[in-house]
Chemist: 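Let me begin by handing over the structure; questions about it come next.
Heavy-atom basis, side chains included; hydrogens, waters and symmetry copies ignored. Read the numbers this way: they start at 1 and go in the same order the structure lists the ligands and their atoms.
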Amino acid sequence: MAKKQKNFKVKDLSMAAAGRKKIEWAESRMPVLMSLREKYSKTKPLKGFKIAGCLHVTKETAVLIETLQAVGAKVSWSGCNPLSTQDDVAAALAKNGVSIYAWHGMSVKEFYWCIERTLDFKPNLTLDDGADLIFTIHNKHQELIPEVLGGTEETTTGVHRLRAMADAGALRYPIIAVNDAETKWDFDNVYGTGQSTLDGILRATSVLLAGKNIVIAGYGHCGRGVAMRAQGMGANTIITEVKPTAALKATLEGHRVMKMDEAARIGDIFITATGVEDVLVAKHFRVMKDGAIVANTGHYDCEINLKDLEKLKKSKKEIRSNCEKYVLKNNRSIYVLAKGRLVNLSAAEGHPSEVMDMSFANQFMAQLNLARLAKRGKRLEVGVHDIDPKQDQEIARLKLKTMGIGIDKLTPAQKAYILDYSAGT
Ligand code: 9W1
């Protein structure tokens, strides 16, 4: 008798029970996605569809995957970052029949091997975070393209690259840009990063935030979220910026704004959230107070120039997990969290499940829309499409409902008033 081929590869299947507990916890915090699961598991609108996904294998992603399965889809999956896979979650998914290829710490070669394995069942829908799956299909497996009805993309970076690809005429199947939903990017960046960054700093240090001078470099969505939460914890927030309108906004939202050269002297905790390199360099480290803590929550790990700090140091040691103490030649100490990498991912658990609930509800609905069109014999035009704005509002409405919050409706008279241009003043 032929041996049944194993259709997954994970670190250790015996971790499945621990992973299952994490997934159960996430389910209890993701009511929108769970309500969509319940609603559509009766009609199973994804029956007959094969979805290949490439997205961080986390407890939240597991809730998305099992929702897709519950409404009839066959699913294969790989992680979109070699370091973001939670091995226990991957084990739980493998045990539950997902063709999953993901383990923490894989090599780049293994990363692409995993993506290819998720294509073995010839998917008709793709779900991406960073577009690697779409790129692999376009570059190495063009024979699959006629079968693919469309794909969805989770991130800003992925959407940028896909738009460039579409402009160059190289994109060959339609994509829905999940990132551009307001219930995705706005909530991820502001409330997701805001809380998880402070969470990471607290797990790595357990310091009191109240009364501290917390310097936040960058007042984009992420910086604004971090500043808002730090303020709420009783910190004295200081913002550094290069953009006049952002600096003005920060000022009017109750933060002090100053140059980094000045802030470096008075900060107790520094958090970079700019997206550019060399925000904190030698001249800043030299003047920092003894005991200053520095952390990064921007996408790249070059915002804090650790090479400069290495040159200034007398000694270095890990004093807590994710916390390294540098003693400088001037005898002052500076503590660097998570080696300058994203502190919210390294020292905490990424965005809270409640935030991922909305992002993944958008993913789910976008996949459903692609399938619905296909069943009517239609397909979106090849190109990058926005999320339906009605869907965006619907997800926000569902989220409010799960929180027990009711909102008002415009009366017909109010609607008419808005559209009336004859009244003037
Ligand atoms: N995405 N489920 C690490 C997350 C890595 C990660 C990354 C998230 C989620 C930013 C997506 C060690 C979760 C994710 C836990 C974790 C992301 C990179 C999520 C936040 C983004 C490069 N980017 N994200 N939860 N790793 O939180 O899917 O713990």
Chemist: Kindly say whether Gly275 contributes a backbone atom to a donor-acceptor pair with the side chain of Glu303 at under 3.5 angstrom?
Modeler: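 Yes: the side chain of Glu303 pairs with the backbone of Gly275.
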Chemist: Give me the pairs of N or O atoms, one from ligand 1 and one from the protein, that sit under 3.5 Å apart.
Modeler:
residue  : atom   : partner : partner atom : Å
ligand 1 : 2 (N)  : Thr58   : OG1          : 2.7
ligand 1 : 23 (N) : His56   : NE2          : 3.3
ligand 1 : 25 (N) : Glu60   : OE1          : 2.9
ligand 1 : 27 (O) : His351  : N            : 2.7
ligand 1 : 28 (O) : Thr61   : OG1          : 3.4

Chemist: Suppose we screen for salt bridge (Lys or Arg N to Asp or Glu O under 4.0 Å). Which residues come up paired with Lys74, at least two apart in sequence or across chains?
Modeler: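 By the salt bridge (Lys or Arg N to Asp or Glu O under 4.0 Å) rule, Lys74 matches no residue at all.
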Chemist: Given 3.5 Å as the limit, does a donor-acceptor pair link the side chain of Ser196 with the main chain of Asp199, or not?
Modeler: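 Between the backbone of Asp199 and the side chain of Ser196 there is no qualifying donor-acceptor contact (under 3.5 Å).
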Chemist: Who are the side-chain contact (heavy atoms from CB on, under 4.5 Å) partners of Asn305, not counting sequence neighbours?
Modeler: Asp278, Val281, Lys307, Asp308
Chemist: Compute the ring centroids of His284 and Phe270, then answer whether they are less than 6.0 Å apart.
Modeler: no
Chemist: What pairs with Trp185 under ring pair (Phe, Tyr, Trp, His ring centres under 6.0 Å), at least two apart in sequence or on another chain?
Modeler: His221
